[in-house]
Amino acid sequence: MPTYDFMMKKVFKISYLYFATGLILCLYSFVSQNKQVLNIEDTYYVISGTDFAIFVSLIYLVLAVFFLVIDKLISLKLKVFQYLMFNIPFVYFMFSDKSDFIDPVYYLMNPIAYKWNTIYIPNGLIFCFLISIICLFLLCGFAFWKWKNTTHQQP
């Protein structure tokens with residue numbers, strides 16, 4: 001009887017998670033029509049829900065195809081780590097409502113919570129996203145190096 005770990009490696013592919021997560025976030029963005037508000041140095045950029053859904057679906061589609069291609073070359077733990085680091089910021093920005101934090105009354109009543117909700121948490125999540133992008137490039141380089149060494153070896 002095969003072990004549980006062997007069965008999970010055979011059935012579980014990280015590219016399926018990217019497809020599913022991209023589809024769920026895209027559908028949620030189309031249905032909810034929440035506008036995404038980005039605050040960069042007191043300048044607010046508003047992105048419509050439809051545009052954000054198209055952007056998210058394209059990003060997740062590209063990553064799913066990428067991980068489908070390099071599935072055999074990289075260990076599952078590295079792919080899951082990159083998946084979590086990439087998804088946490090998207091899920092936070094998708095499901096949080098930033099319109100409450102723009103109100104000056106919220107700032108006057110809760111100045112510490114305002115700073116955490118508008119500066120520290122989003123900046124930390126953007127840092128997490130940048131780490132995931134660096135990890136993605138490292139995984140791509142490692143997969144290319146591993147592919148090159150396995151296909152061009154002399155017998």
Side-chain angles (χ1 to χ4, degrees), residues 1-41 43-101 116-155:
M1 181 170 180
T3 63
Y4 177 73
D5 188 39
F6 175 72
M7 289 173 57
M8 281 302 291
K9 285 184 181 179
K10 189 168 182 121
V11 173
F12 181 72
K13 288 189 178 183
I14 202 75
S15 59
Y16 298 156
L17 277 178
Y18 277 104
F19 281 124
T21 308
L23 183 65
I24 290 168
L25 291 179
C26 182
L27 290 175
Y28 176 77
S29 186
F30 274 126
V31 170
S32 70
Q33 288 297 315
N34 285 346
K35 293 180 174 51
Q36 301 298 322
V37 179
L38 301 174
N39 179 9
I40 301 175
E41 295 186 20
T43 303
Y44 292 95
Y45 299 98
V46 180
I47 303 170
S48 72
T50 307
D51 293 337
F52 192 72
I54 292 169
F55 173 72
V56 166
S57 63
L58 287 175
I59 292 257
Y60 277 92
L61 179 67
V62 167
L63 284 173
V65 168
F66 172 74
F67 278 108
L68 193 62
V69 169
I70 66 164
D71 190 51
K72 301 271 186 207
L73 300 174
I74 297 175
S75 72
L76 183 63
K77 290 178 186 175
L78 288 174
K79 291 185 282 190
V80 169
F81 172 74
Q82 202 279 333
Y83 174 79
L84 290 175
M85 294 291 284
F86 187 80
N87 283 319
I88 290 171
F90 270 109
V91 170
Y92 172 78
F93 287 123
M94 183 76 72
F95 291 113
S96 66
D97 187 17
K98 297 281 190 257
S99 61
D100 296 338
F101 306 136
W116 273 98
N117 289 327
T118 58
I119 298 171
Y120 300 129
I121 293 174
N123 287 345
L125 290 173
I126 288 172
F127 180 72
C128 180
F129 179 74
L130 291 176
I131 287 174
S132 76
I133 296 297
I134 291 170
C135 182
L136 181 67
F137 285 128
L138 290 175
L139 288 176
C140 183
F142 178 70
F144 178 73
W145 177 76
K146 194 171 180 181
W147 171 78
K148 184 179 171 187
N149 284 341
T150 58
T151 58
H152 300 323
Q153 288 182 351
Q154 298 291 332

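Just so it is clear, the model here is predicted, and its values are computed rather than measured.
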Asker: Using a 6.0 Å cut-off, check whether atom CZ of Phe66 has over 12 heavy atoms from anything other than its own residue.
Answerer: yes

Asker: If you measure from CZ on Phe144 to CG on Asn149, what distance do you get to the nearest 0.5 Å?
Answerer: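 Taking CZ in Phe144 and CG in Asn149, the distance rounds to 10.0 Å.
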
Asker: With rounding to the nearest 0.5 Å, note down the distance linking SG in Cys26 to CD1 in Ile54.
Answerer: 7.5 Å

Asker: Using the rule given for side-chain contact (heavy atoms from CB on, under 4.5 Å), can you reason through Phe67 versus Phe19, listing the C-alpha separation, both sets of side-chain angles and the distance that settles it, and then say yes or no?
Answerer: CA-CA 10 Å; Phe67 278 108; Phe19 281 124; over 6 Å; no

Asker: With rounding to the nearest 0.5 angstrom, report the CD1 to CG distance, Ile59 to Leu25.
Answerer: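 Answer for the CD1-CG pair, Ile59 versus Leu25, is 12.0 Å.
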
Asker: Over 60° means perpendicular and under 30° means parallel, so tell me whether Tyr18 and Tyr83 are parallel, tilted or perpendicular.
Answerer: perpendicular

Asker: Under the criterion side chain to side chain contact (heavy atoms under 4.5 Å, CB included), which of Ile134, Ile131, Leu136 is the partner of Gln82?
Answerer: Leu136

Asker: Give the minimum heavy-atom separation between Leu68 and Ser15, together with the two atoms involved.
Answerer: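 Where Leu68 meets Ser15 most closely, the heavy atoms are CD1-OG, 3.3 Å.
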
Asker: Rounded at 0.5 Å granularity, tell me how far CG in Leu84 sits from CG in Leu17.
Answerer: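 Atom-to-atom, Leu84:CG and Leu17:CG are 9.0 Å apart.
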
Asker: Any chance you could measure Phe127, atom CZ, to Ser132, atom OG, to the nearest 0.5 Å?
Answerer: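 One gets 11.0 Å once the value is rounded to the nearest 0.5 Å.
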
Asker: If we only count heavy atoms from C-beta on, is the Phe86 to Ile133 side-chain gap below 4.5 Å?
Answerer: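 Yes; the side chains approach each other to less than 4.5 Å.
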
